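What you see below is based on every heavy atom in this structure, not just the backbone, and it leaves out hydrogens, waters and symmetry mates. Every value quoted in this text rests on a predicted model; they were computed, and no experiment measured them.
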Amino acid sequence: MERYFGEKTPKLGFGLMRLPKLEDGSIDIEQVKEMVDIFLDNGLTYFDTAYVYDNGASEEAAREALVKRHPRDSFTLATKLNAWMGNPTKEEAEKQLEISLERTQAGYFDYYLLHALQDNNYERYEELGLWDFVKQAKEKGLVKHWGFSCHASPERMDDLLTRHPDAEFIQLQINYADWENPQVQSRKCLEIARKHGKSVVVMEPVKGGQLANPVDDIKKLFKEANPDASYASWAIRFVASQDGIITVLSGMSNIEQMKDNVSYMGNFKPLNDEEKEVIKKAQEILESINMIPCTACRYCTKGCPMGIRIPDLFSIKNRQLLNGLPDHDEKLVERYNRVTMESGKASDCIQCGQCESVCPQGINIIERLQDIARSFE
């Protein structure tokens, strides 16, 4: 098997997108500090954030919990430049690197990515000359390695890698649920990355937490195969077992999740043949369910004029689909009313399309909200 960039990087990365919060909505820095320490104590080193995560609070948390407290050569830090949220100018987009360095106080970034390229936004990165910008950042020593994260179609991704063959790595959404999902096509995207000789950082291995609490039939399947393994462990080990993976990012939100993840990834072992068959059966179960492929990235909520908590409503609908519950199920309606008590309802959608224009998953959000309104209002 060929060697690949980042081959010796520990297989678990700490994604700083879904950090624990205090009651006032701010990040629980003290808990994040403890999580960082557990992560590093288990020989794991890769941390991932982005300029837009939590309006910059994620990068600031990296400074307080990681950079200020540990030697710079004891970890690697990745962040990203976003050219489509807020439609920045060239100057504003380029300034993101400077601001990210100020927020994190990291001195440099081990990995720097053009963020979330999709079929409907990739041209923006070309127009602003950002591919050249990140190369120049590397020449200046501000960045050690550069690449891009991608939610585009396999065909578009193939085109981007053909146009930019010097990209060192690519970050892709890969999980067993999206392996053959026509909207995501995890398997095909991974194959194209490897065809171009690119190493891969994996995002959304647990699909925004969905695979940590899967449908009951999958829970039963996994427990029969290994009663001691968490549901999340099946998902993370599945992607970490693929060829050419630098690391698998897990957006851990509490100490319990951190301890679970390091228990099987601190000394990673690939899936064996029997475990791969179990995953195939889980995929067959998921194929029969028309779930909403939302990962709760929340890019859609920032610009919603009606203040609809779209991912939270999708979560309720998915719970209905996963468990085969009827419309207007009493407990789900109660949960729906609680979520929408101080925010927009699904029926409040004015169909402006802002949410669909920024959704990395390409979800027909307007149509799904109409369905949710019928189900719970």
Under the salt bridge (charged side-chain N to carboxylate O under 4.0 Å, His left out) test, residues paired with [X] that sit two or more places apart:
X: E102; value: none
X: R63; value: none
X: K276; value: none
X: R309; value: D312

Could you pull out all residues at least two apart from [X] that satisfy ring pair (Phe, Tyr, Trp, His ring centres under 6.0 Å)?
X: Y51; result: none
X: F47; result: F14, F39
X: F148; result: W131

Any idea which heavy atoms bring [X] and [Y] closest together, and the distance?
X: A346; Y: Y336; answer: N-OH, 2.9 Å
X: L221; Y: A282; answer: CD2-N, 3.5 Å
X: L128; Y: K90; answer: O-NZ, 2.7 Å
X: L16; Y: A62; answer: CD1-CB, 3.9 Å
X: I236; Y: V248; answer: CG2-CG1, 4.1 Å
X: D243; Y: L190; answer: O-CD1, 4.1 Å

Is it true that a side-chain atom of [X] and a backbone atom of [Y] form a donor plus acceptor pair closer than 3.5 Å?
X: H328; Y: R374; answer: yes
X: S186; Y: Q173; answer: yes
X: R69; Y: A65; answer: yes
X: R237; Y: A240; answer: no
X: S241; Y: L271; answer: yes
X: S375; Y: D371; answer: yes
X: S253; Y: L19; answer: no
X: K11; Y: I245; answer: yes
X: N120; Y: S357; answer: yes
X: N364; Y: E356; answer: no

[X]: partners by side-chain contact (heavy atoms from CB on, under 4.5 Å), with sequence neighbours left out:
X: E127; result: E123, R124
X: E64; result: I29, K68
X: K331; result: D329

Could you measure the distance from the CZ atom of F376 to the CD1 atom of I316? Nearest 0.5 Å is fine. 6.5 Å
So how far is it from Y53 OH to T79 OG1, rounded to the nearest 0.5 Å? 8.0 Å
Parallel, tilted or perpendicular: rings of Y299 and W84 (30°, 60°): perpendicular
S347 and E377: side chain donor to acceptor below 3.5 Å: yes
Counting neighbours of [atom1] on [X] that are heavy atoms of other residues, nucleotides or ligands and sit closer than 6.0 Å, is the number greater than 12?
X: K220; atom1: NZ; answer: no
X: K280; atom1: NZ; answer: no
X: E367; atom1: CD; answer: no
X: K345; atom1: NZ; answer: no
X: K140; atom1: NZ; answer: no

Please list every donor-acceptor pair under 3.5 Å in which a side-chain atom of residues 204-214 meets a protein atom from a residue at least two apart or in another chain.
from, atom 1, to, atom 2, distance (Å)
E204, OE1, R18, NH2, 3.4
E204, OE1, G208, N, 3.0
E204, OE2, R18, NH2, 3.1
E204, OE2, T295, OG1, 3.4
K207, NZ, D178, OD1, 2.9
K207, NZ, D178, OD2, 3.0
Q210, NE2, C294, O, 2.6
N213, OD1, K219, NZ, 2.7

Kindly indicate, with the supporting measurements, whether the criterion side chain to side chain donor-acceptor pair (under 3.5 Å) is fulfilled by H151 and Q118. CA-CA 5 Å; H151 291 279; Q118 304 171 44; over 6 Å; no
Let me see the working for Y122 and D119 under side chain to side chain donor-acceptor pair (under 3.5 Å), right down to the final yes or no. CA-CA 6 Å; Y122 75 95; D119 290 338; over 6 Å; no
Between F169 and W146, does the ring centroid distance fall short of 6.0 Å? no
Quick one: salt bridge (charged side-chain N to carboxylate O under 4.0 Å, His left out) pairs with a partner in residues 249-272, sequence neighbours left out? none
Are E168 and K138 ion-paired here, with the side-chain N under 4.0 Å from a carboxylate O? yes
Decide yes or no on side chain to side chain donor-acceptor pair (under 3.5 Å) for T49 and S58, but give the supporting numbers first. CA-CA 6 Å; T49 182; S58 174; 2.7 Å; yes
For the salt bridge (charged side-chain N to carboxylate O under 4.0 Å, His left out) test, which of K198, R194, K195 pairs with D158? K195
